[in-house]
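Accompanying notes for the structure given below.
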2 protein chains.
Amino acid sequence: MPVSKKEISPCPLDAALSIVDGRWKGTILWRLSQQPMRTSELRRSIPGITERMLIRHLQDLVRDGIIERIEELATPTRVRYQLTAYGLTLAPHLEALCAWGRIHLERTKPVNQK
Amino acid sequence: MPVSKKEISPCPLDAALSIVDGRWKGTILWRLSQQPMRTSELRRSIPGITERMLIRHLQDLVRDGIIERIEELATPTRVRYQLTAYGLTLAPHLEALCAWGRIHLERTKPVNQK
DNA sequence: CCGGATCCCTTCTGATACTG
DNA sequence: CAGTATCAGAAGGGATCCGG
């Protein structure tokens, strides 16, 4: 039987990484860690993402307990997504990685284009 | 043109995550952050990994400057992999994520099996 | 506005055999 | 032991149309 998908590894690092595994999850969490946002706001703030992937990733994160879906009663359905208390325990680590990533981008981009 | 692969996102978090993107990279870095290891040692210490993926991921990490390949002169080729100085700047963050992952595993496993 | 359902192509991975 | 080459299957992701 193949190791289908992101099966739980004995390595806790993989367990953590599996949470943010997905083309846009990093960006989504980045946004949501700054402030709660509505679905359409998220979509607009992430150029290039398709509706399909946005929803899919949001559902994954909800399932994993990192974010929660708040349905505001209104004429056209309005939904807000925000970090859960649990998600807030993860956020600082992502923020640290984010800071490292900034340095990494500096380090790799100097090959300057244009 | 599709957003092929892990194209650099404006989001630095994604930039960092792209480094550890790959089925076994988390585990590999986990091992190597504990101690330098030879290729065959790594393979043996990671059940389920294929030679192909091990080499592939190692090469990715070398290319990204996270680990380095040290060739020890010997009869049968002996190679050792270890974190670079740059890789050491990333390690602490991965370790933090790892700690979080441990908690996460505790949180999700209680569904107990067996 | 929010989300589901298809179709399809690309990439990732696993299995295996082979070279130095 | 370290690494390459090829093949095939599985998963991820994009485009698009449909419905509440």
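Protein chains get the first letters and strands the later ones, always in sequence-line order, with residue 1 at the start of each.
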Please compare Thr50(B) and Thr39(A) by the position of their nearest nucleotide in DNA chain C and report the one closer to 5'.
Thr39(A)
Please state whether the phosphate of dG14(C), meaning OP1 or OP2, lies under 4.0 angstrom from any side-chain nitrogen or oxygen of Trp24(B).
yes
Non-hydrogen atoms of Leu32(B) and Met37(B) that approach each other most closely
CD2-N, 3.7 Å
Can you check whether Thr89(A) reaches Ile103(B) side chain to side chain, under 4.5 Å on heavy atoms?
no
Can you confirm whether Glu95(B) is buried at CD, in the sense that more than 12 heavy atoms of other residues, nucleotides or ligands lie under 6.0 Å from that atom?
no
Can you check whether Arg38(B) has a side-chain N or O nearer than 4.0 Å to OP1 or OP2 of dG3(D)?
no
Measuring from the side chain of Gln59(B) (C-beta onward, heavy atoms only), which nucleotide among dC1(D), dT4(D), dT16(D) has the closest atom?
dT4(D)
Can you tell me the distance, in whole Å, between the CG atom of Leu58(B) and the C1' atom of dG3(D)?
11 Å
note: Asp21(B), atom CG; dT11(C), atom P; distance rounded to Å ~ 14 Å
How long is the line joining CZ of Arg56(B) and C1' of dG3(D), in whole Å?
13 Å
On DNA chain C, more 5' by nearest nucleotide between Ile49(B) and Arg43(A) is Arg43(A)
Among dG14(C), dG20(C), dG3(C), which nucleotide sits nearest the side chain of Thr77(B)?
dG20(C)
So for Arg23(A) and dT11(C), does any side-chain atom that can act as donor or acceptor lie under 3.5 Å from a complementary atom in the base?
no
I need the OH-P distance between Tyr81(B) and dA2(D), as an integer number of Å.
8 Å
In whole angstrom, what separates Met53(B)'s CE from dT6(D)'s C1'?
15 Å
Looking at every non-hydrogen atom in both residues, tell me the closest pair between Thr84(A) and Gly65(A) and how far apart they are.
OG1-O, 2.6 Å
Write down the distance between CG (Leu54(B)) and P (dG3(D)), rounded to a whole number of angstrom.
8 Å
Could you state the atom-to-atom distance from CZ of Arg52(A) to C1' of dT6(C) in whole Å?
9 Å
Atom-pair distance (CG on Leu42(A); P on dG3(C)), nearest Å:
10 Å
Measuring from the side chain of His57(A) (C-beta onward, heavy atoms only), which nucleotide among dA2(D), dG14(C), dG13(D) has the closest atom?
dG13(D)
Give Arg80(A) one of three labels, base, sugar-phosphate or nothing, depending on what nucleic acid heavy atoms sit under 4.0 Å from its own.
nothing
Heavy-atom count around Gln82(B) CD within 6.0 Å, excluding the residue itself: above 12?
yes
